Student: 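What follows is a structure written as structure tokens; I'll ask about it next.
Just so you know, ligand 1 is whichever comes first in the structure, and atom 1 is the first atom listed for that ligand. As the structure is a prediction and not an experimental result, all values here were calculated from the model. Both backbone and side-chain heavy atoms feed into the values below; hydrogens, waters and symmetry mates do not.
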Amino acid sequence: MSQPTIQIVRTTPFSDQKPGTSGLRKKTKVFMQKHYLENFVQSVFNAVQEKFNVAFKEETLVVGGDGRYYNRIAIEKIVSLAVANGFGKVMIGRAGILSTPAMSAVIRRHKALGGLVLSASHNPGGIDADFGIKYNIRNGGPAPENITEAIYQHTLKVSDYRIVDPDIDIDHEHSTTIGNTTVTVFDPLADYTAVMQELFDFGALQKLFASGFKMRFDAMHAVTGPYAHHILEGCLGAPLGTVVNGVPKEDFGQGHPDPNLVYAKDLVDYLFGENAPDFGAASDGDGDRNLILGKNFFVTPGDSLAIIAEYAQRAIPGYKTGLSGVARSMPTSTAVDRVARFYAMQCYETPTGWKFFGNLMDADKCTICGEESFGTGSNHVREKDGLWAVLCWLSILAHTGKSVVEIVEEHWQKFGRSYYQRHDYEGIDSAGANKMMAFLKENLASLVGTSIADTKVNQADDFSYTDPVDGSVSTKQGVRLLLGDGSRIIFRLSGTGTEGATLRIYIERFHQDGGKSDINQILKPLIDAAKEILKLKDYCGVDEPTVVT
Ligand code: G1P
Ligand code: ZN
């Protein structure tokens with residue numbers, strides 16, 4: 001056993017370390033500043049100590065990331081800080097790799113105190129791109145707001161941090177003892193695969209592939225590659241080549257690892273091409289998002305969530321006793337609400353961000369949940385889970401013997417369709433965007449009773465959420481206009497961007513028309529009205545979105 005020398009390094013606070021929708025996200029070069037990452041991690045430890053009053057020497061900390069540029073250096077620094085802060089055990093994903101859902105699974109299965117995920121999710125990677133760090137708590141989920149706020153308060157007063165010089169080989173599985181800490185480099189695939197095996201009928205999915213079923217999974221050069229190769233091609237017998245772009249790269253092959261119609265264009269083109277396979281899917285930088293495609297067909301995340309909830313009990317052994325409830329974030333389409341109503345389940349509406357689902361799941365109020373931003377998941381972990389959603393869809397296809405298109409169209413027939421789009425205006429001027437939102441909020445009351453796209457505005461408010469489990473209140477979670485015919489227009493500024501501001505406008509209109517109408521025609525009047533109400537052009541000088549999903 002080596003006895004390391006603990007160094008106490010004097011530092012001064014940074015004023016910009018307030019965690020956003022999903023941890024602290026900044027330009028990589030911001031994180032590369034001297035003391036920046038160390039200050040934040042020491043503040044996490046300080047806040048956790050204060051909030052939970054734990055003895056670190058009896059606790060385990062898990063560390064891993066999506067493999068992006070700076071991942072390995074950040075891991076070295078975190079391990080050094082964790083050993084110097086006296087953790088009993090530090091677990092590191094081999095080569096520093098751990099997808100976000102796998103992190104959640106590892107924390108839960110190893111009863112760790114928590115974990116630090118290095119990722120900026122779907123944001124590009126590289127020295128000139130983005131980096132991020134997020135703390136997950138004992139239930140495996142993102143730290144809730146009272147913890148992230150405590151972390152922030154500590155970042156504003158941190159005056160020193162503790163480090164050692166551990167020098168660990170993170171590329172090979174092994175355990176070593178440094179001072180009082182056991183440092184273990186472990187297989188990042190093992191726990192996650194075991195959880196998937198517990199939930200899904202791997203035999204039925206093997207049969208599906210053996211019957212000639214064809215799919216393509218695009219890992220977008222990001223962290224899901226190793227998981228997808230192992231589970232789809234290794235365990236389920238999908239032909240080699242099913243997984244493409246399956247080796248994580250520090251810059252994601254210079255791509256934007258966000259699995260949507262814009263950034264997963266190659267996959268979309270392939271599924272809409274002549275020799276399209278039966279099924280297509282993709283995942284993001286850190287493996288928690290998913291894109292679901294059929295032959296010539298895109299399943300919106302809101303529909304995907306509703307359909308998974310509709311079939312889970314019948315098609316997936318892990319849910320055979322039924323769902324305790326479902327949940328969606330406020331801007332997500334209301335498709336899942338109708339499934340919940342049909343099956344007499346509770347449906348919860350939470351603010352944007354996965355951290356709000358954790359309490360509901362811990363209290364067994366919700367089994368399956370999701371967001372419009374290509375995130376779906378269940379209580380098997382406390383994060384959204386890209387590959388899990390893919391296995392859900394494979395299970396539904398295997399169980400029904402139907403195609404993706406048939407499944408969705410039947411759903412629309414039965415439940416009606418939420419015609420739904422999200423329009424993003426990325427990189428707009430922050431000052432203008434803030435003024436615009438302030439103007440909108442000032443005028444909300446006057447919008448009630450007016451008519452938008454031929455429908456009356458019944459309610460106009462800034463969404464506020466009272467957690468049904470602990471009673472905590474989260475205010476200012478997005479402006480909603482709720483119309484008489486059930487349509488909704490929602491406005492939010494992104495809490496994950498790293499450059500300027502990103503405005504998101506979410507538009508939904510419900511029709512019981514079999515779902516075959518032209519979505520652009522149906523939504524256009526609402527979109528036009530939304531832009532006019534915002535005075536978007538006047539405040540931000542833009543008129544057309546950068547991304548529509
Ligand atoms: C975005 C999504 C949100 C998701 C988050 C983290 O946050 O909209 O649903 O939980 O990324 O993946 P936003 O940038 O809108 O704050
Ligand atoms: Zn992600």
Student: Any idea which protein heavy atom is nearest atom 7 (O) of ligand 1, and the distance to it?
Tutor: T496 CG2, 3.5 Å

Student: Decide whether an N or O pair under 3.5 Å exists between R25 and ligand 1.
Tutor: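 It does not: no N or O of R25 is found under 3.5 Å from an N or O of ligand 1.
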
Student: Among protein heavy atoms, which lies nearest atom 2 (C) of ligand 1, and at what distance?
Tutor: S373 OG, 3.5 Å

Student: Is atom CD of Q459 surrounded by more than 12 heavy atoms (other residues, nucleotides or ligands) closer than 6.0 Å?
Tutor: yes

Student: Is ligand 1 less than 4.0 angstrom away from at least one heavy atom of G353?
Tutor: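 Yes.
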
Student: Could you tell me which atoms of ligand 1, counted from 1 in the order shown, lie closer than 4.0 angstrom to a heavy atom of G495?
Tutor: 13 (P), 14 (O), 16 (O)

Student: Looking only at protein heavy atoms, identify the closest one to atom 1 (C) of ligand 1 and say how far it is in Å.
Tutor: R289 NH2, 3.7 Å

Student: Does Y270 have R216 sitting over its ring (NZ/CZ under 6.0 Å from centre, angle to axis within 45°)?
Tutor: yes

Student: Nearest non-hydrogen atom to atom 4 (C) of ligand 1 belongs to which of E372, E371, H122?
Tutor: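 Of the listed residues, E371 has the closest heavy atom.
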
Student: With the threshold set at 4.0 Å, does a side-chain nitrogen-carboxylate oxygen contact exist between K524 and D528?
Tutor: yes

Student: For Y70, which residues count as a side chain to side chain donor-acceptor pair (under 3.5 Å) partner, sequence neighbours excluded?
Tutor: none

Student: Going by an N to O cut-off under 4.0 Å, is there a salt bridge joining R422 and E508?
Tutor: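 No, R422 and E508 are not salt-bridged.
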
Student: Can you check side-chain contact (heavy atoms from CB on, under 4.5 Å) on N136 and V117, steps first, answer last?
Tutor: CA-CA 8 Å; N136 282 24; V117 192; 4.2 Å; yes

Student: Measuring from atom OG of S418 to atom CG of D303, what distance do you get when rounded to the nearest 0.5 angstrom?
Tutor: 7.0 Å

Student: List ligand 1 atoms under 4.0 Å from R504, heavy atoms only on the residue side.
Tutor: 8 (O), 13 (P), 14 (O), 15 (O)

Student: Does the distance from a Lys or Arg side-chain N to an Asp or Glu carboxylate O, for R504 and E371, drop under 4.0 Å?
Tutor: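 Here R504 does not pair with E371 in a salt bridge, since their nearest N and O are not under 4.0 Å apart.
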
Student: Hey, is ligand 1 close enough to L493 that some N/O pair sits below 3.5 Å?
Tutor: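 No, L493 has no N/O under 3.5 Å of an N/O on ligand 1.
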
Student: Examine S121 and say whether one of its N/O/S atoms is closer to the Zn ion (ligand 2) than 2.8 Å.
Tutor: yes

Student: Pair T193, V195 - check side-chain contact (heavy atoms from CB on, under 4.5 Å), show working.
Tutor: CA-CA 5 Å; T193 307; V195 173; over 6 Å; no

Student: Which atom, among the N/O/S set of D284, is closest to the Zn ion (ligand 2)?
Tutor: OD2

Student: Cut-off 3.5 Å, side chains only: do W354 and S22 have a donor facing an acceptor?
Tutor: no

Student: Of all N/O/S atoms in D288, which lies nearest to the Zn ion (ligand 2)?
Tutor: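 Of the nitrogen, oxygen and sulfur atoms in D288, the Zn ion (ligand 2) lies nearest to OD1.
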
Student: Decide whether an N or O pair under 3.5 Å exists between K384 and ligand 1.
Tutor: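 In this structure, K384 places an N or O atom under 3.5 Å from an N or O of ligand 1.
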
Student: Of the side chain and backbone of R422, name the one, both, or neither that has a heavy atom under 4.0 Å from an atom of ligand 1.
Tutor: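 Only the side chain of R422 comes within reach of ligand 1.
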
Student: What is the name of the N/O/S atom of D286 that is nearest to the Zn ion (ligand 2)?
Tutor: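 The Zn ion (ligand 2) is closest to the D286 atom OD1, counting only N, O or S.
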
